[in-house]
Amino acid sequence: METVLKIQALKGFKDILPGEVELWKYVEDTARDVFQRFNFSEIRLPILEKTELFARSIGEATDIVEKEMYTFVDKQVTMRPEATASLLRAYIEHGLYVQKPVQRLFTIGPMFRHERPQKGRLRQFHQMDIEILGSGNPLVDAELMAMAAMLFSELGISVSLELNSLGCPQCRPAYRVQLLSFIKDRLDALCEDCKRRSSTNPMRVLDCKKSNCREQVEQAPSILEHLCDDCKTHFTGVQSGLQQLNVDYSLNKFMVRGLDYYCRTTFEFTTTDLGSQSAVCAGGRYDGLIEKLGGPKKGPGIGFAIGIERLVLLLLQQEKVFAEGSDLDLFVIGLGEKGEQLSYGLVHEMRKQRRSVAMDHEGRSLKSQMKQANKADAKYVLIIGDNEIERGKGVLKNMVTQQQQDVKLESSALVEAVSS
RNA sequence: GUGAAUGUAGCUCAGUAGGUUAGAGCAUCUGGUUGUGGCCCAGAAGGUCGGGAGUUCGAUCCUCCUCAUUCACCCCA
């Protein structure tokens, strides 16, 4: 017996259908425009990289590397779960830091993580990834956040900015010891997940959602009070930059990052409209990562990623609808064999002359084709039947005003007639 | 990896306390006009009721298994 294969996209992989694509383009166009104003250059990167690149940058012990990567084990390559590592690899590989000491780069594309899908979370998802490489100035941190805020504001969606500092290799270890001893004292009161977290990633306990854990952690030592002088100065600088640029933010001393490479500044733009996924945009500073990957010594860097699916969901949810005009200039109706023949060539000529033109090839009735033209939102319809061929003039109808006129059956005359 | 909910037409959903040919709205197609769209009217097409097994004279409905989807946990954009 023949089994019929049910053809279906993979779990967590989604088609973006015509109709929705327009929204995506709007989002990407708006973003490119904003990034360009801030003097960023686009870079396009491969989707596959050596597995080692991600293991080393994201961190061996992270969930992403441990269990979420799509890896071709035999070839030691992995489909990127995020873009920063790839972008840094390209930056180092091509010595971009030589040409320009500070590089401002962004890339847009699909990322892959093998997680259980849910609202705002897919296995193939899309991110815009923005990075400033080679500057450790806190004003750059603030500028980057201000740029994201500008993008959200121009898209018309409301999100809030949360800010934290994670310290650096100088001050974090000492803080970590303090935090661990604090947690150890109330381990019994914490949930199972937090007990596990206390050994894998103690800072995660700080942002557990369970109310009981939150109460326990209320009085936990804050990293912000344990920053070293350099980190403190940097953090102050970031905040005064935000104030100068009029960017609203709130401090969240419990905010943690999932990727190992972050230090100092971290931030998230969050919303309550995405179910349990609150982050639309997240990022931070990663001084030291560039060097770790073989780049210039002490090369500083900061960047963030925006989840495009989440952005699109927000736009749909917050009902930011925008009118999409017709982009079909003309629908040509060729009646009968001769009419269709003549139309076929005319349509092609007009397309060469940069008009968007459609016609039907199924031999349908005039009425049926008028309906099609209407549905396609064509600005004009041209009717070519036996009478018109004889006279050498077609009937051109303006679909909005309903006015009809005779036009010579020549592409240049037609192009002019539909261009008014 | 864990838990819960849901699978009936292309889409959104009714429905049967188990009983002949399973319904609606939208969308599609045809017609109402020798060659004129939107509105309206008429008609047509479209379903192995997710799949398999079981109970039963009889299952879309009950039971079990399985697959899929969604939401949530974990984690994250």
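Every heavy atom of this structure was used, including side-chain atoms; hydrogens, water molecules and symmetry mates were not. Being a predicted model, the structure only gives us computed values, none of them experimental. Letters go in sequence order (proteins before strands), and every chain restarts at 1.
Within 4.0 Å of A:R123, counting heavy atoms only, lies no atom of the nucleic acid at all. Among the atoms of the strands shown, none is found under 4.0 Å from any heavy atom of A:K67. Here A:Q404 lies in heavy-atom contact (under 4.0 Å) with a base. Counting non-hydrogen atoms under 4.0 angstrom, A:Q277 reaches a base of the nucleic acid. A:G120 comes within contact range of at least one nucleobase, with a heavy-atom separation under 4.0 Å. When heavy atoms are screened at a 4.0 angstrom cut-off, A:E388 is found touching base atoms of the nucleic acid. Nucleic acid contact class of A:T62 (heavy atoms, under 4.0 Å, all strands): none. Residue A:A373 is out of contact with every strand shown, counting any heavy-atom pair closer than 4.0 Å. Across all strands, A:D129 comes closer than 4.0 Å to no nucleic acid atom at all (heavy-atom distances). Across all strands, A:L17 comes closer than 4.0 Å to no nucleic acid atom at all (heavy-atom distances).
Listed nucleotides: B:A77, B:C75, B:G35. Nearest to the side chain of A:R197: B:C75. Ranking B:G35, B:G38, B:A77 by closeness to the A:F125 side chain, first place goes to B:A77. The A:R257 side chain lies nearest to B:A77 when the options are B:A77, B:U30, B:G37. The side chain of A:R310 approaches B:A77 more closely than any other nucleotide in the set B:C75, B:G35, B:A77. Of the candidate nucleotides B:C74, B:C75, B:G35, B:G35 has the atom lying nearest to any side-chain atom of A:I383. Taking the side chain of A:S365 as heavy atoms from C-beta on, and the options B:G37, B:G31, B:A77, the nearest nucleotide is B:G31. Which of B:C71, B:U36, B:C74 sits closest to the side chain of A:K119 comes down to B:C71.
Checked by atom type, the side-chain pair A:N137/A:H234 shows no donor-acceptor distance below 3.5 Å.
Heavy atoms from other residues, nucleotides or ligands lying under 6.0 Å from NE2 of A:H348 number 12 at most.
Figure legend: A:R257 and A:Y262 shown as a cation-pi pair, the cationic atom lying under 6.0 angstrom from the six-membered ring centre and within 45 degrees of its axis. The side-chain tip of A:R121 does not point at the ring of A:F125 from less than 6.0 angstrom away and within 45° of straight on.
Comparing A:A305 and A:V395 by the nucleotide of RNA chain B that holds the closest heavy atom to each, the one mapping nearer the 5' end is A:V395.
Across all strands shown, B:U55 forms no Watson-Crick or G-U wobble pair with both key distances under 3.5 Å. Under the Watson-Crick or G-U wobble criterion, with both distances below 3.5 Å, B:G23 is paired with B:C13.
Side-chain atoms of A:Q118 come within donor-acceptor range of the base of B:C74, with a qualifying N/O pair under 3.5 Å. A donor and an acceptor atom sit less than 3.5 Å apart, one in the side chain of A:R121 and one in the base of B:C75. Looking at A:Q402, its side chain comes within 3.5 Å of the base of B:G38 through a donor and an acceptor atom. For B:G32, the base has a donor-acceptor partner in the side chain of A:K367 [N/O atoms by modelled type, under 3.5 angstrom].
Separating the CG atom of A:L366 from the P atom of B:G37 is a distance of 8 Å, rounded to the nearest angstrom. Whole-Å rounding puts the A:D63 CG to B:U2 P distance at 15 Å. To the nearest angstrom, C1' of B:G35 lies 13 Å from CG of A:L382. Rounded to whole Å, the distance from CD on A:E115 to P on B:C71 is 14 Å. Protein atom CE of A:M255 is 14 Å distant from nucleotide atom C1' of B:A77, rounded to whole Å. Atom CG of A:L314 and atom C1' of B:A77 are 12 Å apart (whole Å). The CD atom of A:Q8 sits 13 Å away from the P atom of B:G51 (whole-angstrom rounding). The distance from atom CD of A:Q372 to atom P of B:G38 is 13 Å, rounded to the nearest whole Å.
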Original post:
What do the steps show when you test A:Q353 against A:S411 for side chain to side chain donor-acceptor pair (under 3.5 Å), and what is the final call?
Top reply: CA-CA 8 Å; A:Q353 292 173 52; A:S411 60; 3.0 Å; yes
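For A:S368, no side-chain nitrogen or oxygen approaches OP1 or OP2 of B:C29 to under 4.0 Å. Using a 4.0 Å cut-off, some side-chain N or O of A:K375 falls inside it from OP1 or OP2 of B:U28. Dashed line: the shortest gap from a side-chain N or O of A:K11 to OP1 or OP2 of B:U69 is under 4.0 Å.
By the 30° and 60° cut-offs, the orientation of the rings of A:Y175 relative to A:H226 is tilted.
The six-membered or imidazole ring of A:F106 lies away from that of A:F40, with a centre-to-centre distance of 6.0 Å or more. Taking the ring centroids of A:F269 and A:F152, they lie under the 6.0 Å cut-off.
Across B:A59 and B:U55, the matching P atoms stand 11 Å from one another, rounded to whole Å.
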